[in-house]
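Encoded as structure tokens, the structure appears first; notes follow it.
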Protein chains: 2
Amino acid sequence: MTGEVPDRRRSSARSREALLEAATELFSERGYDRTTIREIGERAGVDAALISRYFGSKALLYVAVLRAEHGDTAPEDLLTGPRLREVAERAERRGPVPLLRVAVQSSSDQAAQDAARAALQARLVEPLRARFTREGRDRPGLRADVLVASVAGVLLARHSGAFDDLADADLDAIVDVLLEAWGDS
Amino acid sequence: MTGEVPDRRRSSARSREALLEAATELFSERGYDRTTIREIGERAGVDAALISRYFGSKALLYVAVLRAEHGDTAPEDLLTGPRLREVAERAERRGPVPLLRVAVQSSSDQAAQDAARAALQARLVEPLRARFTREGRDRPGLRADVLVASVAGVLLARHSGAFDDLADADLDAIVDVLLEAWGDS
DNA sequence: TCACCGTGTCATCATGCGATGACATCGCTT
DNA sequence: AAGCGATGTCATCGCATGATGACACGGTGA
């Protein structure tokens with residue numbers, strides 16, 4: 001074990017990080033509205049009141065989650081083919097990514113909604129649209145929207161409890177079915 | 001106009017019906033959790049307290065909505081091909097059918113969740129799976145789940161406010177894109 | 001006409017939520 | 001060691017929600 005010795009002293013940075021991570025998981029699992037700041041605090045092992053101090057509000061924490069989630073990787077670029085696998089795998093690791101939720105479910109807080117929408121467009125829809133345009137497909141915008149919405153539906157459905165086979169299947173099988181439908185050009 | 005003369009006298013049947021219709025619309029637009037009984041009452045032009053009297057609770061009203069929605073038509077049978085158009089058109093008329101929401105988003109009330117799940121399976125997933133099995137497709141169960149989840153994602157996304165082209169496009173165009181992907185065998 | 005039961009209205013309760021401020025505690029700096 | 005700012009804890013506020021019971025109203029039959 002060459003891991004760092006965890007610094008047990010107080011640290012706002014550590015608390016912030018713990019809250020961010022817990023919030024990412026919970027927003028992924030249950031969506032914005034059904035996640036409470038008390039749950040976030042509990043999972044993070046941190047008092048929920050610190051959310052207000054470090055992020056300002058639940059909505060701003062949500063925005064921070066969206067930013068953090070995409071700050072560490074390159075843009076998705078494309079959903080099709082190998083990229084689809086990347087997106088799906090990320091959803092696998094952290095639950096059905098908060099970003100994808102906004103595709104299907106509007107949240108009660110307008111600021112959270114707007115931020116998520118902007119991120120979704122910039123990270124997934126726009127690159128896809130650009131690609132379809134480049135390839136000369138007709139209705140590239142609509143096609144991009146439909147593809148993103150489909151993928152969001154499938155990845156979210158996996159954890160909704162409404163499907164058996166989808167919940168049990170491993171990710172590769174799911175991606176295979178999607179690619180078979182949409183082609184992996 | 002050969003329509004019935006609307007009976008303006010008091011009538012529990014009329015109130016029940018008004019509540020049921022308003023609830024169907026609102027559950028469609030916003031999902032179970034984000035719809036309040038006060039909103040339902042307001043849209044129905046009926047006091048919200050009557051929900052408790054006539055349906056027992058918000059959750060039971062939701063169950064009644066699911067039943068009513070599918071009581072008047074034959075089973076969906078299949079999602080592909082012309083049937084896809086039927087499902088989509090119904091979603092168009094009444095907003096993104098409450099049934100489809102459960103595919104992607106679990107609700108806070110367990111009874112509501114279970115009822116919706118059962119209806120979704122019986123009405124959409126099972127018939128589709130049976131068809132795929134009959135046709136000898138591999139992984140028919142998974143394939144059915146993925147297709148239903150995709151369609152749910154797209155139809156819900158149309159009203160989520162996260163997509164522009166999808167919101168503006170007319171239904172036929174959307175169905176065309178879906179059919180192009182999944183084939184309309 | 002009157003009494004009664006179905007129907008509608010309203011006030012209110014209990015609960016859970018996000019938010020906030022007062023206070024306690026820690027640990028660095030001097 | 002003392003002082004002080006940073007960090008953590010707790011109680012509580014205001015608000016929205018689902019639910020419920022008390023009461024008012026109305027029309028229908030005796």
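In what follows, every heavy atom counts, from backbone to side chain, and hydrogens, waters and symmetry copies are set aside. To find a chain, count down the sequence lines: A is the first, B the second, and so on, and within it residues start at 1.
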(Q) For B:Tyr62 and B:Phe27, take the angle between the two ring planes, folded into 0 to 90°, and tell me which bin it lands in: parallel under 30, tilted 30 to 60, perpendicular over 60. (A) perpendicular
### Message
Looking at A:Lys58 and A:Ile51, would you say the former's side chain and the latter's main chain have a donor-acceptor pair under 3.5 Å?
### Response
no
Would you say the side-chain atoms of A:Asp114 and A:Gln110 include a donor-acceptor pair closer than 3.5 Å? yes
Handout entry: Test item: A:Glu21 side-chain N/O and A:Ala18 main-chain N/O as donor-acceptor pair under 3.5 Å
Key = no
* Asked: Think B:Ser15 has a side-chain N or O under 4.0 angstrom from the OP1 or OP2 of C:dT7?
  -> no
Double-helix bend of the helix from C:dT1-D:dA30 to C:dT30-D:dA1, axes at both ends from 5 pairs, round to 10°, gives 20°
Salt bridge (charged side-chain N to carboxylate O under 4.0 Å, His left out) filter on A:Arg139, not counting sequence neighbours, yields none
Would you please confirm or rule out a distance under 4.0 Å between OP1 or OP2 of C:dG8 and any side-chain N or O of B:Tyr54? yes
note: A:Glu42, atom CD; C:dC17, atom C1'; distance rounded to Å ~ 15 Å
Between the protein and nucleotides 16-20 of chain D, list every N/O to N/O distance that falls short of 3.5 Å.
from: D:dG18; atom 1: OP1; to: B:Thr35; atom 2: O; distance (Å): 3.2
from: D:dG18; atom 1: OP1; to: B:Lys58; atom 2: NZ; distance (Å): 2.7
from: D:dG18; atom 1: OP2; to: B:Ile37; atom 2: N; distance (Å): 2.9
from: D:dG18; atom 1: N7; to: B:Arg38; atom 2: NH1; distance (Å): 2.9
from: D:dG18; atom 1: O6; to: B:Arg38; atom 2: NH2; distance (Å): 3.2
from: D:dA19; atom 1: OP2; to: B:Lys58; atom 2: N; distance (Å): 2.9

Between B:Ser12 and C:dT7, is there a side-chain N or O to OP1/OP2 distance below 4.0 Å? yes
A:Asp109 atom CG is separated from D:dC15 atom C1', nearest whole Å, by 15 Å
Q | Test item: B:Asp33 side-chain N/O and B:Ser108 main-chain N/O as donor-acceptor pair under 3.5 Å | A | yes
Minimal heavy-atom distance between A:Ala115 and A:Leu66, with the atoms involved, is C-CD1, 3.9 Å
Taken to the nearest whole Å, CG/A:Leu60 to P/C:dT20 is 11 Å
Residues A:Ser160 and B:Arg117: side-chain donor-acceptor under 3.5 angstrom: no
